[in-house]
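Computed from a predicted model, the values in this text were never measured in an experiment. Numbers here simply count residues along the sequence, with the first being 1.
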Amino acid sequence: MPRAGLDTNAVVVAAARLADEDGLAALSLARLASRLGVRSPSLYAHVDGLDDLRRRIGSHGARELGARLQAAAGGLARGDALAAVAEAYRAYALEHPGVYAAIQQPSEADQAGAALVELILAMLRGYGLEGDEAIHGARIVRSALHGFVALESETGFRIPLSLDETFARLIAVLDEGLAGLA
């Protein structure tokens with residue numbers, strides 16, 4: 001019988017916190033069970049193993065990230081929307097490194113991930129991008145943002161120069177490039 005007050009959402013949230021603290025690769029059912037004060041087999045009432053837990057963390061994170069991006073872009077268009085979305089994306093990735101890593105893992109037909117892509121495609125419609133051009137644009141934006149936050153979080157930028165300034169320049173280059181795709 002599941003412990004009172006422990007449900008699937010509580011398990012996923014606790015696992016997400018643990019992944020953010022120690023890294024997604026360090027997440028184990030044993031460590032999570034210890035954190036929750038239960039035995040490992042008790043977790044199987046809520047998740048179907050570690051792979052399922054990681055998938056659920058990714059979905060949870062995609063919903064959180066989507067809500068942040070949606071709020072950031074609200075009422076904005078083109079470069080302003082892009083800058084707001086990029087800043088929110090970067091902040092989330094740096095605040096939640098373990099969850100962010102889980103979002104990047106492939107998951108078949110994940111609705112939260114699909115909603116995230118749709119949000120980016122909606123932003124790109126402000127540039128006049130539709131169809132295949134919008135898909136290319138979304139890939140470009142995702143690659144640039146993911147690349148930057150991956151390097152930043154892994155201390156890949158070692159030259160003592162403002163990362164905020166570099167990020168602002170990246171967004172300006174993306175803005176100009178996206179405008180040129182239409």
Would you call [X] and [Y] a side-chain contact if the rule is heavy atoms closer than 4.5 Å?
| X | Y | value |
| --- | --- | --- |
| L24 | Q105 | yes |
| L121 | I135 | yes |
| V11 | T8 | no |
| L43 | L53 | no |
| D52 | R56 | yes |
| I120 | L145 | no |
| L178 | V141 | yes |
| L170 | T166 | no |

Rounded to the nearest 0.5 Å, how far does [atom2] of [Y] lie from [atom1] of [X]?
| X | Y | atom1 | atom2 | value |
| --- | --- | --- | --- | --- |
| I171 | E176 | CD1 | CD | 13.5 Å |
| H146 | Y100 | NE2 | OH | 4.5 Å |
| L151 | R158 | CG | CZ | 10.0 Å |
| L27 | I57 | CG | CD1 | 5.0 Å |
| I103 | H96 | CD1 | NE2 | 9.0 Å |

Between [X] and [Y], which heavy-atom pair has the shortest distance, and what is it?
| X | Y | value |
| --- | --- | --- |
| L65 | A88 | CD1-O, 4.4 Å |
| V99 | A16 | CG2-CB, 3.5 Å |
| A84 | A72 | CB-O, 3.3 Å |
| S59 | A112 | O-CB, 3.5 Å |
| G98 | D20 | N-OD1, 2.9 Å |

Side chain to side chain donor-acceptor pair (under 3.5 Å) contacts in which one or both residues fall within residues 70-82, not counting sequence neighbours: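 The answer is none; no pair qualifies.
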
Summary of salt bridge (charged side-chain N to carboxylate O under 4.0 Å, His left out) pairs that have at least one residue in residues 86-103, sequence neighbours excluded: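 Residue pairs passing salt bridge (charged side-chain N to carboxylate O under 4.0 Å, His left out), neighbours aside: R68-E95, R90-E152, R90-D164.
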
Could you state whether [X] and [Y] fall into the same hydrophobic cluster, counting links through intermediate Ile, Leu, Val, Met, Phe, Trp or Tyr residues with side-chain heavy atoms under 4.5 angstrom apart?
| X | Y | result |
| --- | --- | --- |
| L18 | L6 | yes |
| I140 | L69 | yes |
| V13 | L29 | no |
| L94 | V85 | no |
| V173 | L82 | no |

Determine whether a donor-acceptor pair (N or O, by modelled atom type, separation under 3.5 Å) exists between the side chain of [X] and the backbone of [Y].
| X | Y | answer |
| --- | --- | --- |
| Y127 | G79 | yes |
| S143 | R139 | yes |
| S42 | V38 | no |

Whether F148 and F157 hold their rings parallel, tilted or perpendicular, with breakpoints at 30° and 60°: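 Ring orientation of F148 relative to F157: tilted.
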
Heavy atoms from other residues, nucleotides or ligands near CZ of R125 exceed 12 (cutoff 6.0 Å):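 Counting other residues, nucleotides and ligands, CZ of R125 exceeds 12 neighbours.
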
SB check E165 R169 (cutoff 4.0 Å):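 Yes, E165 and R169 are salt-bridged.
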
Test side-chain contact (heavy atoms from CB on, under 4.5 Å) applied to A26 - qualifying residues, sequence neighbours left out: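 A26: side-chain contact (heavy atoms from CB on, under 4.5 Å) contacts with D22, R31.
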
